[in-house]
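Chain identifiers are assigned alphabetically (A, B, ...) following the order of the sequence lines, protein sequences preceding nucleic acid strands; residue numbering begins at 1 within each chain.
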Amino acid sequence: RKEVEQDPGPFNVPEGATVAFNCTYSNSASQSFFWYRQDCRKEPKLLMSVYSSGNEDGRFTAQLNRASQYISLLIRDSKLSDSATYLCVVNVNTGNQFYFGTGTSLTVIP
Amino acid sequence: GAVVSQHPSWVICKSGTSVKIECRSLDFQATTMFWYRQFPKQSLMLMATSNEGSKATYEQGVEKDKFLINHASLTLSTLTVTSAHPEDSSFYICSARWGNIESEQFFGPGTRLTVL
């Protein structure tokens, strides 16, 4: 079983729409969670960390559900510039390892 | 944010040769550096984790004798792909972190390796 699983999409949504991505992880010992954004042929960049209490940054909201072992990312009022691949990243403390999901492709359509 | 550079950005080599890729943290000291590989339309796959001054920890299935990692200083890690073959052609990305596991990783721009 993969450490991290994501729906690869693609998600094609109109501007202004709200879109949500989920990501499940298999290791209950996972300690840190992140959402990264990767534009085509570019390196990933941190979008936001995911805290147990949930956190919000502008139009982006991240949540963690430890009981069900998933994290989510909600994007409100989608912009064209939000088009990218969103990667779910989980850090397992034992071994200091980071695991990436396959990424979810989002295209925001005018 | 912190800056991580990689060199070269693109390399083409003949089968059987060795290729060295450098990863540098330009404005911070990286206690830990990571090496990833990304095939087209796939996610990043962690290859190995290295801490300055100690041996790298390789992920299962990654040959340590083929992918040599050296992390000689807090700002430089190198990945050498030895005796490269066409199946090693991929996008190699490094990342660096200065803090604990909750700290952000900063990624280099990646190196595209093509083995003929």
Undergrad: Sort L44(B) into side chain, backbone, both or neither according to what part of it lies under 4.5 angstrom from a heavy atom of chain A.
TA: both
Undergrad: Can you tell which part of L46(A) gets under 4.5 Å to a heavy atom of chain B, answering side chain, backbone, both or neither?
TA: both
Undergrad: If you count every heavy atom of other residues, nucleotides or ligands that lies below 6.0 Å from M48(A) atom CE, does the total exceed 12?
TA: yes
Undergrad: For residues 65-74 of chain B, which residue pairs qualify under salt bridge (Lys or Arg N to Asp or Glu O under 4.0 Å), counting only residues two or more places apart or in two chains?
TA: K66(B)-D88(B)
Undergrad: Quick check on the structure: residues of residues 108-116 of chain B within a heavy-atom distance below 4.5 Å of chain A, by number.
TA: G108(B), P109(B), R112(B)
Undergrad: Under 4.5 Å between side-chain heavy atoms, hopping through other hydrophobics if needed: is there a path connecting Y58(B) to W35(B)?
TA: yes
Undergrad: Sequence neighbours excluded and cut-off under 3.5 Å, please list the side-chain donor-acceptor pairs for residues 103-110 of chain A, or say none.
TA:
{"from": "T104(A)", "atom 1": "OG1", "to": "Q6(A)", "atom 2": "NE2", "distance (Å)": "3.1"}
{"from": "T104(A)", "atom 1": "OG1", "to": "D7(A)", "atom 2": "O", "distance (Å)": "2.5"}

Undergrad: Going hydrophobic residue to hydrophobic residue with side-chain gaps under 4.5 angstrom, can you get from M45(B) over to V89(A)?
TA: no
Undergrad: Please classify the contact between Q38(B) and chain A as side chain, backbone, both or neither, with a heavy-atom cut-off of under 4.5 Å.
TA: side chain
Undergrad: Is there a path from Y70(A) to I75(A) through hydrophobic residues (I, L, V, M, F, W, Y) whose side chains come within less than 4.5 Å of each other?
TA: no
Undergrad: Check whether any side-chain heavy atom of Y36(B) lies under 4.5 Å from a side-chain heavy atom of E43(A), and answer yes or no.
TA: no
Undergrad: Is the CZ atom of F39(B) crowded by more than 12 outside heavy atoms at less than 6.0 Å?
TA: yes
Undergrad: Could you list the donor-acceptor pairs under 3.5 angstrom formed between side-chain atoms of residues 56-64 of chain A and any protein atom two or more places apart in sequence or on another chain?
TA:
{"from": "R59(A)", "atom 1": "NH1", "to": "R76(A)", "atom 2": "O", "distance (Å)": "3.1"}
{"from": "R59(A)", "atom 1": "NH1", "to": "D77(A)", "atom 2": "O", "distance (Å)": "3.2"}
{"from": "R59(A)", "atom 1": "NH1", "to": "D82(A)", "atom 2": "OD2", "distance (Å)": "2.8"}
{"from": "R59(A)", "atom 1": "NH2", "to": "D82(A)", "atom 2": "OD1", "distance (Å)": "2.9"}
{"from": "R59(A)", "atom 1": "NH2", "to": "D82(A)", "atom 2": "OD2", "distance (Å)": "3.2"}
{"from": "T61(A)", "atom 1": "OG1", "to": "R76(A)", "atom 2": "NH1", "distance (Å)": "2.9"}

Undergrad: Between F33(A) and chain B, which part of the residue has a heavy atom less than 4.5 Å away: side chain, backbone, both or neither?
TA: neither
Undergrad: Rounded to the nearest 0.5 Å, how far does OH of Y99(A) lie from CG of L46(B)?
TA: 6.5 Å
Undergrad: Verify the cluster assignment for V62(B) and I69(B): are they in a single hydrophobic cluster under the rule of side-chain heavy atoms below 4.5 Å apart?
TA: yes
